[in-house]
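Note sheet for the following structure.
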There are 2 protein chains.
Amino acid sequence: MAVEESTMIDEVYSQVTDPKLVRERRSQIVAAAVKLFSEEGYYRTTIQKIAREARVSPGLIYQYVKDKDDVLYLSLKDIMDSYCHEIPLAQAGIGDPVARLEASVRAYCKVVDQRKTATVLAYRTSALLPQQRREAVKAMELKSNQLLSECISQGIEAGYFSPELNIEIATYQCVMFCHTWALKYWRLKAYCNLDQYLQQGLPSLLNALLSAAGRDHYDRLITT
Amino acid sequence: MAVEESTMIDEVYSQVTDPKLVRERRSQIVAAAVKLFSEEGYYRTTIQKIAREARVSPGLIYQYVKDKDDVLYLSLKDIMDSYCHEIPLAQAGIGDPVARLEASVRAYCKVVDQRKTATVLAYRTSALLPQQRREAVKAMELKSNQLLSECISQGIEAGYFSPELNIEIATYQCVMFCHTWALKYWRLKAYCNLDQYLQQGLPSLLNALLSAAGRDHYDRLITT
DNA sequence: TGCGGTTAAATGAACAACCATTCATCATAT
DNA sequence: ATATGATGAATGGTTGTTCATTTAACCGCA
(Lines give C-alpha, C1' and ligand atoms only; values in the text may rest on other atoms or scores of the structure.)
Protein backbone atom coordinates (compact mmCIF):
# COMPACT_ATOMS: atom_id res chain seq x y z
CA MET A 1 0.00 0.00 0.00
CA ALA A 2 1.53 3.28 -1.14
CA VAL A 3 1.89 6.04 1.40
CA GLU A 4 1.28 9.56 0.11
CA GLU A 5 4.25 11.69 1.04
CA SER A 6 4.73 15.45 0.74
CA THR A 7 6.64 18.29 2.37
CA MET A 8 7.00 22.04 2.61
CA ILE A 9 10.49 23.20 1.73
CA ASP A 10 11.18 26.96 1.74
CA GLU A 11 7.45 27.54 2.21
CA VAL A 12 6.76 25.76 -1.05
CA TYR A 13 4.89 22.48 -1.37
CA SER A 14 6.71 19.53 -2.87
CA GLN A 15 5.63 15.99 -3.63
CA VAL A 16 9.24 14.92 -3.44
CA THR A 17 10.60 14.58 0.07
CA ASP A 18 14.35 14.19 -0.28
CA PRO A 19 15.61 17.69 0.61
CA LYS A 20 18.83 17.38 -1.33
CA LEU A 21 17.03 16.32 -4.48
CA VAL A 22 14.49 19.10 -4.03
CA ARG A 23 17.26 21.67 -3.76
CA GLU A 24 18.98 20.33 -6.86
CA ARG A 25 15.94 20.08 -9.08
CA ARG A 26 14.53 23.42 -7.97
CA SER A 27 17.73 25.25 -8.71
CA GLN A 28 17.70 23.63 -12.14
CA ILE A 29 14.12 24.78 -12.68
CA VAL A 30 14.76 28.26 -11.27
CA ALA A 31 17.81 28.80 -13.45
CA ALA A 32 15.71 28.10 -16.53
CA ALA A 33 12.80 30.15 -15.22
CA VAL A 34 14.83 33.25 -14.38
CA LYS A 35 16.37 33.18 -17.82
CA LEU A 36 13.06 32.82 -19.64
CA PHE A 37 11.05 35.13 -17.39
CA SER A 38 13.69 37.81 -17.95
CA GLU A 39 13.68 37.35 -21.69
CA GLU A 40 9.98 36.95 -22.37
CA GLY A 41 8.13 37.92 -19.23
CA TYR A 42 6.16 35.78 -16.85
CA TYR A 43 3.06 35.04 -18.87
CA ARG A 44 4.68 34.44 -22.21
CA THR A 45 6.95 31.90 -20.54
CA THR A 46 5.04 28.62 -20.43
CA ILE A 47 5.74 25.77 -18.07
CA GLN A 48 6.49 23.73 -21.18
CA LYS A 49 9.24 26.18 -22.18
CA ILE A 50 10.75 26.16 -18.70
CA ALA A 51 10.72 22.37 -18.74
CA ARG A 52 12.42 22.25 -22.13
CA GLU A 53 15.07 24.77 -21.04
CA ALA A 54 15.70 22.83 -17.82
CA ARG A 55 15.71 19.53 -19.73
CA VAL A 56 12.93 17.97 -17.70
CA SER A 57 9.29 17.17 -18.38
CA PRO A 58 6.46 19.59 -17.60
CA GLY A 59 5.06 17.09 -15.14
CA LEU A 60 8.27 17.01 -13.15
CA ILE A 61 8.00 20.67 -12.30
CA TYR A 62 4.73 19.94 -10.54
CA GLN A 63 6.51 17.41 -8.32
CA TYR A 64 8.56 20.26 -6.90
CA VAL A 65 6.14 23.19 -6.76
CA LYS A 66 2.40 23.64 -6.36
CA ASP A 67 1.89 25.93 -9.34
CA LYS A 68 3.51 28.39 -11.70
CA ASP A 69 3.34 31.16 -9.11
CA ASP A 70 5.65 29.11 -6.95
CA VAL A 71 8.21 28.99 -9.73
CA LEU A 72 8.13 32.78 -9.85
CA TYR A 73 8.36 32.99 -6.08
CA LEU A 74 11.41 30.73 -6.00
CA SER A 75 12.95 32.76 -8.82
CA LEU A 76 12.59 36.03 -6.94
CA LYS A 77 13.82 34.38 -3.77
CA ASP A 78 16.89 33.25 -5.67
CA ILE A 79 17.60 36.82 -6.71
CA MET A 80 17.09 38.29 -3.25
CA ASP A 81 19.23 35.55 -1.74
CA SER A 82 22.11 36.53 -3.97
CA TYR A 83 22.01 40.04 -2.51
CA CYS A 84 21.86 38.71 1.04
CA HIS A 85 24.75 36.39 0.31
CA GLU A 86 27.17 38.76 -1.40
CA ILE A 87 26.86 41.87 0.72
CA PRO A 88 27.94 40.26 4.01
CA LEU A 89 30.98 38.81 2.26
CA ALA A 90 32.08 42.34 1.41
CA GLN A 91 31.38 43.58 4.93
CA ALA A 92 33.49 40.93 6.62
CA GLY A 93 36.33 42.46 8.58
CA ILE A 94 35.33 46.06 8.05
CA GLY A 95 34.41 47.73 11.32
CA ASP A 96 34.28 51.40 10.39
CA PRO A 97 30.65 52.24 9.51
CA VAL A 98 31.47 54.55 6.62
CA ALA A 99 33.92 52.14 5.02
CA ARG A 100 31.47 49.34 5.69
CA LEU A 101 28.63 51.14 3.94
CA GLU A 102 30.82 51.96 0.98
CA ALA A 103 31.96 48.35 0.66
CA SER A 104 28.35 47.18 0.94
CA VAL A 105 27.11 49.47 -1.78
CA ARG A 106 29.98 48.43 -4.04
CA ALA A 107 29.18 44.78 -3.47
CA TYR A 108 25.48 45.37 -4.01
CA CYS A 109 26.20 47.13 -7.30
CA LYS A 110 28.43 44.28 -8.34
CA VAL A 111 25.76 41.61 -7.83
CA VAL A 112 23.24 43.80 -9.57
CA ASP A 113 25.69 44.16 -12.43
CA GLN A 114 26.17 40.40 -12.65
CA ARG A 115 22.43 39.79 -12.51
CA LYS A 116 21.05 42.82 -14.31
CA THR A 117 18.12 41.20 -16.05
CA ALA A 118 17.21 39.30 -12.90
CA THR A 119 17.18 42.53 -10.90
CA VAL A 120 14.85 44.08 -13.44
CA LEU A 121 12.73 40.93 -13.33
CA ALA A 122 12.10 41.48 -9.64
CA TYR A 123 10.66 44.92 -10.38
CA ARG A 124 8.54 43.62 -13.21
CA THR A 125 7.00 40.62 -11.57
CA SER A 126 6.78 40.96 -7.78
CA ALA A 127 3.28 42.33 -8.07
CA LEU A 128 2.10 39.27 -9.98
CA LEU A 129 2.44 37.08 -6.92
CA PRO A 130 -0.47 36.38 -4.58
CA GLN A 131 -0.58 38.63 -1.51
CA GLN A 132 1.20 36.30 0.87
CA ARG A 133 4.08 35.59 -1.47
CA ARG A 134 4.39 39.28 -2.24
CA GLU A 135 4.72 39.99 1.47
CA ALA A 136 7.45 37.38 1.71
CA VAL A 137 9.35 39.01 -1.15
CA LYS A 138 9.02 42.41 0.53
CA ALA A 139 10.41 40.88 3.70
CA MET A 140 13.43 39.63 1.76
CA GLU A 141 13.97 43.07 0.30
CA LEU A 142 13.92 44.52 3.79
CA LYS A 143 16.43 41.93 4.95
CA SER A 144 18.91 43.06 2.33
CA ASN A 145 18.13 46.69 3.08
CA GLN A 146 18.98 46.02 6.69
CA LEU A 147 22.52 45.13 5.72
CA LEU A 148 22.88 48.75 4.63
CA SER A 149 20.70 50.43 7.23
CA GLU A 150 22.74 48.87 10.02
CA CYS A 151 25.83 50.60 8.69
CA ILE A 152 23.93 53.86 8.57
CA SER A 153 22.66 53.54 12.14
CA GLN A 154 26.13 52.78 13.41
CA GLY A 155 27.50 55.65 11.37
CA ILE A 156 25.04 58.01 12.98
CA GLU A 157 25.93 56.79 16.47
CA ALA A 158 29.59 57.30 15.67
CA GLY A 159 28.82 60.85 14.59
CA TYR A 160 29.89 60.26 11.02
CA PHE A 161 26.44 60.46 9.50
CA SER A 162 24.05 63.34 10.02
CA PRO A 163 21.92 62.71 13.13
CA GLU A 164 18.70 64.02 11.65
CA LEU A 165 18.77 61.51 8.80
CA ASN A 166 15.64 59.55 8.14
CA ILE A 167 17.22 56.13 7.99
CA GLU A 168 14.61 54.58 5.70
CA ILE A 169 15.08 57.31 3.11
CA ALA A 170 18.83 57.14 3.42
CA THR A 171 18.77 53.37 2.98
CA TYR A 172 16.72 53.64 -0.17
CA GLN A 173 19.03 56.32 -1.54
CA CYS A 174 21.72 53.65 -1.38
CA VAL A 175 19.56 50.76 -2.57
CA MET A 176 18.21 52.68 -5.52
CA PHE A 177 21.68 53.81 -6.50
CA CYS A 178 22.49 50.11 -6.94
CA HIS A 179 19.23 49.11 -8.61
CA THR A 180 19.41 52.04 -11.02
CA TRP A 181 22.45 50.46 -12.61
CA ALA A 182 20.22 47.59 -13.74
CA LEU A 183 17.01 49.52 -14.31
CA LYS A 184 18.61 52.12 -16.56
CA TYR A 185 21.43 50.07 -17.99
CA TRP A 186 19.76 50.20 -21.40
CA ARG A 187 20.69 53.88 -21.50
CA LEU A 188 23.67 54.20 -19.18
CA LYS A 189 25.70 51.51 -20.92
CA ALA A 190 26.31 53.93 -23.78
CA TYR A 191 27.77 56.51 -21.39
CA CYS A 192 29.70 54.69 -18.68
CA ASN A 193 30.72 51.36 -17.25
CA LEU A 194 30.13 50.23 -13.69
CA ASP A 195 33.41 51.69 -12.43
CA GLN A 196 32.63 55.10 -13.84
CA TYR A 197 29.12 54.90 -12.49
CA LEU A 198 30.49 54.18 -9.03
CA GLN A 199 33.14 56.84 -9.35
CA GLN A 200 30.64 59.60 -10.01
CA GLY A 201 27.82 58.32 -7.87
CA LEU A 202 29.38 56.89 -4.73
CA PRO A 203 31.03 60.06 -3.37
CA SER A 204 27.89 62.12 -3.74
CA LEU A 205 25.83 59.30 -2.28
CA LEU A 206 28.00 59.23 0.83
CA ASN A 207 28.14 63.01 0.91
CA ALA A 208 24.39 63.03 1.19
CA LEU A 209 24.66 61.12 4.45
CA LEU A 210 27.87 62.40 6.03
CA SER A 211 28.02 64.98 8.82
CA ALA A 212 30.79 67.57 8.93
CA ALA A 213 32.84 65.30 11.20
CA GLY A 214 32.03 62.39 8.92
CA ARG A 215 33.33 64.26 5.90
CA ASP A 216 36.69 64.75 7.59
CA HIS A 217 36.69 61.12 8.58
CA TYR A 218 35.86 60.01 5.04
CA ASP A 219 38.53 62.24 3.51
CA ARG A 220 41.05 60.57 5.79
CA LEU A 221 39.72 57.14 4.81
CA ILE A 222 40.10 57.58 1.06
CA THR A 223 43.55 59.21 1.18
CA THR A 224 45.11 56.31 3.09
CA MET B 1 -21.12 50.29 -51.51
CA ALA B 2 -19.33 50.80 -48.19
CA VAL B 3 -15.92 52.39 -48.31
CA GLU B 4 -13.35 50.95 -45.90
CA GLU B 5 -11.91 53.82 -43.92
CA SER B 6 -9.10 53.79 -41.41
CA THR B 7 -6.41 56.03 -39.98
CA MET B 8 -3.26 56.11 -37.91
CA ILE B 9 -3.57 58.39 -34.91
CA ASP B 10 -0.62 58.61 -32.53
CA GLU B 11 0.99 55.74 -34.42
CA VAL B 12 -1.96 53.52 -33.57
CA TYR B 13 -4.38 52.09 -36.11
CA SER B 14 -8.04 53.06 -35.80
CA GLN B 15 -11.10 52.08 -37.78
CA VAL B 16 -12.78 55.27 -36.66
CA THR B 17 -11.63 58.34 -38.50
CA ASP B 18 -13.02 61.30 -36.60
CA PRO B 19 -9.96 62.52 -34.63
CA LYS B 20 -11.95 64.13 -31.88
CA LEU B 21 -13.99 61.01 -31.28
CA VAL B 22 -10.83 58.91 -31.33
CA ARG B 23 -9.24 61.11 -28.70
CA GLU B 24 -12.31 60.94 -26.48
CA ARG B 25 -12.90 57.21 -26.70
CA ARG B 26 -9.25 56.36 -26.33
CA SER B 27 -8.85 58.43 -23.21
CA GLN B 28 -11.91 56.66 -21.84
CA ILE B 29 -10.37 53.27 -22.65
CA VAL B 30 -6.93 54.24 -21.38
CA ALA B 31 -8.29 55.51 -18.07
CA ALA B 32 -9.93 52.16 -17.47
CA ALA B 33 -6.88 50.26 -18.69
CA VAL B 34 -4.36 52.11 -16.53
CA LYS B 35 -6.52 51.49 -13.49
CA LEU B 36 -6.94 47.78 -14.15
CA PHE B 37 -3.41 47.14 -15.42
CA SER B 38 -2.09 48.76 -12.23
CA GLU B 39 -4.35 46.71 -10.00
CA GLU B 40 -4.13 43.32 -11.64
CA GLY B 41 -1.30 43.44 -14.14
CA TYR B 42 -1.42 43.32 -17.90
CA TYR B 43 -2.30 39.70 -18.52
CA ARG B 44 -4.89 39.26 -15.82
CA THR B 45 -6.69 42.32 -17.18
CA THR B 46 -8.89 41.13 -20.00
CA ILE B 47 -10.26 43.28 -22.78
CA GLN B 48 -13.68 42.38 -21.45
CA LYS B 49 -12.83 43.88 -18.06
CA ILE B 50 -11.44 47.05 -19.62
CA ALA B 51 -14.59 47.37 -21.68
CA ARG B 52 -16.80 46.92 -18.63
CA GLU B 53 -14.80 49.46 -16.62
CA ALA B 54 -14.95 51.94 -19.50
CA ARG B 55 -18.65 51.21 -20.04
CA VAL B 56 -18.26 50.17 -23.64
CA SER B 57 -18.40 46.88 -25.48
CA PRO B 58 -15.31 44.73 -26.09
CA GLY B 59 -15.82 45.14 -29.80
CA LEU B 60 -15.67 48.91 -29.56
CA ILE B 61 -12.13 48.81 -28.27
CA TYR B 62 -11.08 47.14 -31.50
CA GLN B 63 -12.50 50.06 -33.44
CA TYR B 64 -9.91 52.30 -31.79
CA VAL B 65 -6.82 50.08 -31.50
CA LYS B 66 -5.35 47.17 -33.43
CA ASP B 67 -4.81 44.89 -30.44
CA LYS B 68 -4.35 44.68 -26.70
CA ASP B 69 -0.70 45.70 -27.00
CA ASP B 70 -1.88 49.00 -28.41
CA VAL B 71 -3.97 49.60 -25.32
CA LEU B 72 -0.88 49.11 -23.20
CA TYR B 73 1.13 51.37 -25.48
CA LEU B 74 -1.43 54.14 -25.22
CA SER B 75 -1.53 53.67 -21.45
CA LEU B 76 2.22 54.11 -21.11
CA LYS B 77 2.13 57.04 -23.50
CA ASP B 78 -0.50 58.64 -21.31
CA ILE B 79 1.78 58.32 -18.28
CA MET B 80 4.85 59.67 -20.06
CA ASP B 81 2.82 62.52 -21.48
CA SER B 82 1.80 63.60 -18.01
CA TYR B 83 5.49 64.00 -17.11
CA CYS B 84 6.18 65.94 -20.28
CA HIS B 85 3.20 68.15 -19.62
CA GLU B 86 3.71 69.00 -15.96
CA ILE B 87 7.43 69.62 -15.82
CA PRO B 88 7.48 72.48 -18.37
CA LEU B 89 4.67 74.17 -16.46
CA ALA B 90 6.91 74.29 -13.41
CA GLN B 91 9.88 75.53 -15.41
CA ALA B 92 8.01 78.45 -16.93
CA GLY B 93 9.57 81.75 -15.98
CA ILE B 94 12.53 80.28 -14.14
CA GLY B 95 15.78 81.16 -15.85
CA ASP B 96 18.38 80.21 -13.29
CA PRO B 97 19.52 76.65 -14.08
CA VAL B 98 19.80 75.53 -10.46
CA ALA B 99 16.41 76.90 -9.48
CA ARG B 100 15.01 75.50 -12.70
CA LEU B 101 16.32 72.01 -11.97
CA GLU B 102 14.98 72.13 -8.45
CA ALA B 103 11.55 73.21 -9.65
CA SER B 104 11.60 70.50 -12.29
CA VAL B 105 12.43 67.76 -9.83
CA ARG B 106 9.74 68.98 -7.47
CA ALA B 107 7.19 68.97 -10.26
CA TYR B 108 8.31 65.56 -11.43
CA CYS B 109 7.94 64.18 -7.91
CA LYS B 110 4.51 65.72 -7.66
CA VAL B 111 3.20 64.02 -10.82
CA VAL B 112 4.75 60.78 -9.71
CA ASP B 113 3.02 61.21 -6.38
CA GLN B 114 -0.31 61.81 -8.07
CA ARG B 115 0.16 58.84 -10.36
CA LYS B 116 2.10 56.44 -8.20
CA THR B 117 0.60 53.19 -9.41
CA ALA B 118 0.82 54.35 -13.01
CA THR B 119 4.51 55.13 -12.58
CA VAL B 120 5.09 51.66 -11.22
CA LEU B 121 3.04 50.24 -14.09
CA ALA B 122 5.50 51.70 -16.56
CA TYR B 123 8.33 49.79 -14.92
CA ARG B 124 6.35 46.59 -14.80
CA THR B 125 5.05 46.50 -18.33
CA SER B 126 7.28 48.38 -20.77
CA ALA B 127 9.12 45.18 -21.59
CA LEU B 128 5.89 43.43 -22.59
CA LEU B 129 5.53 45.61 -25.66
CA PRO B 130 6.83 44.54 -29.06
CA GLN B 131 10.25 45.93 -29.95
CA GLN B 132 9.09 48.94 -31.91
CA ARG B 133 6.63 50.11 -29.28
CA ARG B 134 9.24 49.61 -26.60
CA GLU B 135 11.60 51.86 -28.50
CA ALA B 136 8.91 54.49 -28.71
CA VAL B 137 8.37 54.33 -24.96
CA LYS B 138 12.10 54.66 -24.38
CA ALA B 139 12.09 57.72 -26.62
CA MET B 140 9.34 59.25 -24.50
CA GLU B 141 11.34 58.59 -21.36
CA LEU B 142 14.30 60.34 -22.94
CA LYS B 143 12.14 63.28 -23.86
CA SER B 144 11.15 63.81 -20.24
CA ASN B 145 14.74 63.23 -19.14
CA GLN B 146 15.78 65.98 -21.49
CA LEU B 147 13.70 68.47 -19.55
CA LEU B 148 16.08 67.84 -16.65
CA SER B 149 19.30 67.31 -18.55
CA GLU B 150 18.91 70.67 -20.26
CA CYS B 151 18.93 72.35 -16.86
CA ILE B 152 22.03 70.41 -15.94
CA SER B 153 23.87 71.34 -19.14
CA GLN B 154 23.02 74.98 -18.65
CA GLY B 155 24.06 74.75 -15.03
CA ILE B 156 27.43 73.38 -16.05
CA GLU B 157 27.95 76.14 -18.59
CA ALA B 158 27.09 78.71 -15.94
CA GLY B 159 29.69 77.13 -13.65
CA TYR B 160 27.13 76.12 -11.07
CA PHE B 161 27.37 72.40 -11.66
CA SER B 162 30.60 70.45 -11.62
CA PRO B 163 32.14 70.48 -15.12
CA GLU B 164 33.29 66.84 -15.01
CA LEU B 165 29.75 65.57 -14.47
CA ASN B 166 28.55 62.77 -16.70
CA ILE B 167 25.25 64.33 -17.69
CA GLU B 168 23.46 61.03 -18.31
CA ILE B 169 24.31 59.75 -14.86
CA ALA B 170 23.41 63.06 -13.27
CA THR B 171 20.07 63.10 -15.06
CA TYR B 172 19.22 59.63 -13.85
CA GLN B 173 20.20 60.56 -10.31
CA CYS B 174 17.40 63.13 -10.54
CA VAL B 175 14.93 60.94 -12.40
CA MET B 176 15.37 58.02 -10.06
CA PHE B 177 14.98 60.25 -7.04
CA CYS B 178 11.50 61.03 -8.38
CA HIS B 179 10.62 57.49 -9.44
CA THR B 180 11.79 56.06 -6.15
CA TRP B 181 8.96 57.83 -4.43
CA ALA B 182 6.54 55.62 -6.37
CA LEU B 183 8.63 52.47 -6.55
CA LYS B 184 9.27 52.34 -2.81
CA TYR B 185 6.18 54.08 -1.56
CA TRP B 186 4.96 50.82 -0.03
CA ARG B 187 7.75 51.18 2.52
CA LEU B 188 8.46 54.92 2.64
CA LYS B 189 4.86 55.89 3.37
CA ALA B 190 5.30 54.60 6.89
CA TYR B 191 8.25 56.89 7.45
CA CYS B 192 7.65 60.13 5.61
CA ASN B 193 5.37 62.07 3.30
CA LEU B 194 6.36 63.64 0.03
CA ASP B 195 7.42 66.93 1.63
CA GLN B 196 9.72 65.21 4.05
CA TYR B 197 11.08 63.06 1.29
CA LEU B 198 11.89 66.16 -0.72
CA GLN B 199 13.31 67.95 2.28
CA GLN B 200 15.86 65.26 2.98
CA GLY B 201 16.56 64.19 -0.58
CA LEU B 202 16.57 67.35 -2.67
CA PRO B 203 19.48 69.19 -1.01
CA SER B 204 21.77 66.19 -1.20
CA LEU B 205 20.66 65.53 -4.76
CA LEU B 206 21.62 69.05 -5.78
CA ASN B 207 24.77 68.89 -3.70
CA ALA B 208 25.84 65.91 -5.75
CA LEU B 209 25.82 68.10 -8.84
CA LEU B 210 26.91 71.52 -7.59
CA SER B 211 30.39 72.94 -7.96
CA ALA B 212 31.94 75.08 -5.20
CA ALA B 213 30.68 78.21 -6.94
CA GLY B 214 27.32 76.56 -7.41
CA ARG B 215 27.06 75.82 -3.72
CA ASP B 216 27.49 79.50 -2.89
CA HIS B 217 24.97 80.37 -5.55
CA TYR B 218 22.48 77.83 -4.22
CA ASP B 219 22.91 79.01 -0.62
CA ARG B 220 22.05 82.50 -1.79
CA LEU B 221 19.04 81.16 -3.70
CA ILE B 222 17.44 79.38 -0.76
CA THR B 223 18.01 82.16 1.77
CA THR B 224 16.18 84.75 -0.30
C1' DT C 1 25.44 -12.43 -5.22
C1' DG C 2 21.07 -12.32 -7.39
C1' DC C 3 16.14 -11.68 -7.24
C1' DG C 4 11.20 -10.44 -6.45
C1' DG C 5 8.74 -6.75 -4.37
C1' DT C 6 7.91 -2.09 -3.05
C1' DT C 7 8.14 2.82 -3.36
C1' DA C 8 9.77 7.23 -5.18
C1' DA C 9 10.61 9.83 -9.23
C1' DA C 10 9.80 11.07 -13.95
C1' DT C 11 7.19 11.28 -18.17
C1' DG C 12 4.21 13.60 -21.68
C1' DA C 13 -0.25 13.27 -23.88
C1' DA C 14 -4.72 14.95 -22.94
C1' DC C 15 -8.03 18.11 -20.95
C1' DA C 16 -10.49 22.03 -19.44
C1' DA C 17 -10.48 26.80 -18.84
C1' DC C 18 -9.61 31.08 -20.40
C1' DC C 19 -9.56 35.14 -23.43
C1' DA C 20 -8.09 38.02 -27.59
C1' DT C 21 -10.22 38.83 -31.55
C1' DT C 22 -13.86 38.70 -35.12
C1' DC C 23 -18.08 39.61 -37.41
C1' DA C 24 -22.95 39.49 -38.34
C1' DT C 25 -26.15 42.54 -36.75
C1' DC C 26 -28.21 46.71 -34.99
C1' DA C 27 -28.50 51.95 -34.02
C1' DT C 28 -27.87 56.52 -35.33
C1' DA C 29 -27.02 60.65 -37.80
C1' DT C 30 -26.55 63.03 -41.94
C1' DA D 1 -30.66 55.77 -47.98
C1' DT D 2 -26.24 55.31 -46.73
C1' DA D 3 -22.20 55.35 -44.10
C1' DT D 4 -20.29 55.44 -39.64
C1' DG D 5 -20.22 53.78 -35.07
C1' DA D 6 -21.44 50.27 -31.54
C1' DT D 7 -22.66 45.71 -29.94
C1' DG D 8 -21.69 41.11 -27.75
C1' DA D 9 -22.02 36.21 -28.68
C1' DA D 10 -19.15 32.88 -30.83
C1' DT D 11 -14.62 30.98 -32.01
C1' DG D 12 -10.06 29.30 -32.19
C1' DG D 13 -5.73 29.06 -30.19
C1' DT D 14 -3.11 28.76 -26.13
C1' DT D 15 -1.43 26.83 -21.82
C1' DG D 16 -1.58 25.44 -16.71
C1' DT D 17 -2.37 21.32 -14.70
C1' DT D 18 -3.46 16.37 -14.18
C1' DC D 19 -2.78 11.52 -14.19
C1' DA D 20 -2.15 6.92 -16.08
C1' DT D 21 1.91 4.86 -17.07
C1' DT D 22 6.87 3.91 -17.16
C1' DT D 23 11.51 3.90 -15.15
C1' DA D 24 14.80 3.46 -11.57
C1' DA D 25 16.38 2.83 -7.07
C1' DC D 26 16.35 0.35 -2.96
C1' DC D 27 15.81 -3.44 0.33
C1' DG D 28 15.47 -7.83 2.56
C1' DC D 29 16.24 -12.52 1.97
C1' DA D 30 17.83 -16.97 0.22
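Numbers restart at 1 for each chain; the letters A, B, ... are given by sequence-line order, proteins then strands.
- Scored by the side chain to side chain donor-acceptor pair (under 3.5 Å) test, A/Glu102 finds A/Arg106, A/Tyr218 as partners (sequence neighbours excluded).
- When rounded to the nearest whole Å, the span between CD of B/Glu40 and C1' of C/dC18 equals 15 Å.
- DNA chain D is contacted by A/Thr46, A/Ile47, A/Gln48, A/Tyr62 of residues 46-64 of chain A, taking any non-hydrogen atom closer than 4.0 Å.
- Between the side chains of A/Thr119 and A/Tyr83, at least one donor-acceptor pair of N or O atoms lies under 3.5 Å.
- The separation between A/Leu72 atom CG and D/dG16 atom P is 12 Å, rounded to whole Å.
- Checked by atom type, the side-chain pair A/Tyr13/A/Gln15 shows a donor-acceptor distance below 3.5 Å.
- The side chain of B/Arg25 places an N or O atom within less than 4.0 Å of a non-bridging phosphate oxygen (OP1 or OP2) of D/dA6.
- Side-chain atoms of A/Ser104 and A/Gln91 include a donor-acceptor pair closer than 3.5 Å.
- Separating the CG atom of B/Asp18 from the C1' atom of C/dA29 is a distance of 13 Å, rounded to the nearest angstrom.
- Atom NZ of A/Lys20 and atom P of C/dA8 are 19 Å apart (whole Å).
- For the residue pair B/Asp70 and B/Tyr64, no side-chain donor N or O sits within less than 3.5 Å of a side-chain acceptor on the partner.
- In this structure, B/Tyr43 places its OH atom 10 Å from P of D/dT15, rounding to the nearest Å.
- Regarding B/Lys68, its NZ atom lies at a distance of 8 Å from the P atom of C/dC19, rounded to whole Å.
- Between A/Phe177 and A/Tyr197, the distance separating the two ring centers is shorter than 6.0 angstrom.
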